[in-house]
Visitor: 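Structure incoming, see below.
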Amino acid sequence: MSRAALLVLADGRFPAGGHAHSGGAEAAVKAGRITGAATLEDFCRGRLHTTGLVAAALAAAAALGIDPSALDAAADARTPSPALRVAARRLGRQLVRAARATWPSAELDALAREFPKGSHQPVVLGVTARAAGLGPEDAAYCSAYECVSGPASATVRLLSLDPFDATAVLARLAPELDVVAHAAAGAARRALDDGVEALPAASAPLLEIGAEAHAAWPVRLFAS
């Protein structure tokens with residue numbers, strides 16, 4: 001497995017569309033739940049251990065070769081908010097375009113045909129990791145990192161937060177990211193035998209509520 005490929009996939013400059021999404025940070029800033037570095041850390045920690053764990057497990061399962069259709073349905077069932085489902089599929093569609101250009105594979109081609117409007121982003125991420133020669137832990141790490149790095153980057157723009165402070169938040173969360181990535185990869189391996197029902201189903205109701213409110217705003221900086 002190529003660690004260089006993992007760096008390419010996890011790079012924020014990889015053209016997968018994530019820069020246009022705040023991961024719930026924009027709604028949290030408006031609601032007063034993110035006001036600075038300390039509350040950003042709290043927000044990212046909560047996201048990491050709930051929806052971040054779910055996304056990382058889905059990505060790891062897809063990297064193991066579990067049926068993407070089953071995983072997409074599992075992602076839908078774990079995403080109550082219609083706005084978040086739409087956002088996840090838009091991100092998945094953009095990621096599959098970038099991935100097919102970077103790591104051409106029959107599995108990515110099949111995924112694009114089956115889901116012309118986009119599969120859920122974590123599922124596409126896992127199939128992309130597989131195409132790049134990466135394993136389930138790599139996919140889980142990439143997904144878990146994205147779930148906190150996106151809000152951190154968005155908050156720099158939303159609050160003019162010092163980028164050094166935002167990066168320090170990510171560094172302090174690194175040990176917890178290790179825990180979540182390992183747990184997600186383990187759950188994905190159990191799903192090989194027990195089915196997708198074995199994958200985590202942690203929820204974050206405030207993210208869901210915030211996403212629905214955010215989608216109705218007439219003016220917003222981020223798509224989600």
Side-chain angles (χ1 to χ4, degrees), residues 3-14 16-60 63 78 84 87-88 91 121-122 125-126 129 134-188 199-211 214 221-222 224:
R3 286 297 179 267
L6 176 59
L7 294 175
V8 172
L9 184 56
D11 192 332
R13 291 163 293 188
F14 190 74
H19 66 280
H21 296 260
S22 76
E26 187 167 23
V29 166
K30 185 172 183 179
R33 290 192 290 274
I34 298 178
T35 57
T39 46
L40 170 63
E41 184 170 343
D42 291 340
F43 175 87
C44 287
R45 177 173 289 109
R47 182 172 163 82
L48 175 63
H49 289 280
T50 54
T51 57
L53 172 62
V54 171
L58 288 164
R78 287 161 173 76
L84 286 182
L91 283 167
Q121 192 268 358
L125 178 61
L134 300 171
E137 286 87 358
D138 297 311
Y141 264 105
C142 188
S143 181
Y145 179 69
E146 283 183 354
C147 96
V148 293
S149 62
S153 297
T155 301
V156 170
R157 295 171 62 186
L158 290 162
L159 291 178
S160 297
L161 183 70
D162 188 329
F164 293 167
D165 290 338
T167 302
V169 165
L170 298 178
R172 287 194 294 271
L173 288 171
E176 293 175 61
L177 197 149
D178 287 336
V179 171
V180 168
H182 287 304
L199 295 173
S203 64
L206 281 177
L207 283 178
E208 304 280 345
I209 294 167
H214 182 270
L221 185 60
F222 290 94
S224 70

Visitor: Is a side-chain donor or acceptor of R78 paired with a backbone partner of P200 at a separation under 3.5 angstrom?
Guide: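 Checking the backbone N and O of P200 against the side chain of R78, a donor-acceptor pair under 3.5 Å is found.
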Visitor: Quick one: closest heavy-atom pair of F222 and H19, and the distance?
Guide: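 Heavy atoms only, the tightest pair is CE2-O, 3.5 Å.
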Visitor: Which residues pass the side chain to side chain donor-acceptor pair (under 3.5 Å) test with T167, not counting sequence neighbours?
Guide: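 For T167, no residue satisfies side chain to side chain donor-acceptor pair (under 3.5 Å) once neighbours in sequence are set aside.
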Visitor: For A139 and G126, work out which heavy atoms get closest and say how close.
Guide: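 Reported closest heavy-atom pair: CB-CA, 4.4 Å.
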Visitor: Please identify each residue that fulfils ring-ring contact (aromatic ring centres under 6.0 Å, His included) with F14, with sequence neighbours left out.
Guide: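 With sequence neighbours excluded, F14 shows a ring-ring contact (aromatic ring centres under 6.0 Å, His included) to W103, given in chain and number order.
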Visitor: Going by the rule side chain to side chain contact (heavy atoms under 4.5 Å, CB included), which residues pair with T50 if we only count those two or more places apart in sequence or in a different chain?
Guide: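 Residues passing side chain to side chain contact (heavy atoms under 4.5 Å, CB included) with T50: A202, A204.
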Visitor: Could you list the donor-acceptor pairs under 3.5 angstrom formed by side chains in residues 170-187, with sequence neighbours left out?
Guide:
| from | atom 1 | to | atom 2 | distance (Å) |
| --- | --- | --- | --- | --- |
| R172 | NE | E41 | OE1 | 2.8 |
| R172 | NH2 | E41 | OE1 | 2.9 |
| E176 | OE1 | R45 | NE | 3.0 |
| E176 | OE1 | H49 | NE2 | 2.8 |
| E176 | OE2 | R45 | NE | 2.9 |
| E176 | OE2 | R45 | NH2 | 3.1 |
| D178 | OD1 | Y141 | OH | 2.8 |

Visitor: Answer yes or no: are there more than 12 heavy-atom neighbours, outside Y145 itself, under 6.0 Å from its atom OH?
Guide: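 Not buried by this count: 12 neighbours or fewer within 6.0 Å.
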Visitor: Keeping the roles fixed (side chain from Q121, backbone from L91), state whether a donor-acceptor pair exists under 3.5 Å.
Guide: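 Absent.
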Visitor: From L221 CG over to K30 NZ, what is the distance, rounded to the nearest 0.5 angstrom?
Guide: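 Reported to 0.5 Å precision, the distance equals 13.0 Å.
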Visitor: With I34, which residues qualify under side chain to side chain contact (heavy atoms under 4.5 Å, CB included), at least two apart?
Guide: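 Once residues adjacent in sequence are excluded, the partners of I34 under the side chain to side chain contact (heavy atoms under 4.5 Å, CB included) criterion are A25, A28, V29, T39, L40, F43, T155, L159.
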Visitor: If we only count heavy atoms from C-beta on, is the V148 to V169 side-chain gap below 4.5 Å?
Guide: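 SC-SC contact between V148 and V169 ruled out.
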Visitor: For S224, what residues pass the side chain to side chain donor-acceptor pair (under 3.5 Å) criterion, not counting sequence neighbours?
Guide: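 Testing S224 for side chain to side chain donor-acceptor pair (under 3.5 Å), a comparison that skips the adjacent residues, returns H21.
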Visitor: If you take all heavy atoms of A166 and V156, which pair is closest and at what distance?
Guide: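 A166 and V156 have their closest heavy atoms at CB-CG2, 3.6 Å.
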Visitor: Measure across L207 and G23 and return the closest heavy-atom pair with its distance rounded to 0.1 Å.
Guide: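 Nearest heavy atoms, L207 then G23: CD2-O, 4.0 Å.
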Visitor: Taking all atoms of both residues into account, what is the closest heavy-atom pair of C44 and P151, and its distance?
Guide: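 Closest approach of C44 to P151: SG-CB, 4.1 Å.
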Visitor: To the nearest 0.5 Å, what is the distance between OG (S143) and CD (E146)?
Guide: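 Here the interatomic distance stands at 6.0 Å.
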Visitor: Grab the two heavy atoms, one from L161 and one from A37, that are nearest each other, plus how far apart they are.
Guide: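 Scanning both residues completely, I find the closest heavy atoms to be CD1-N, 3.9 Å.
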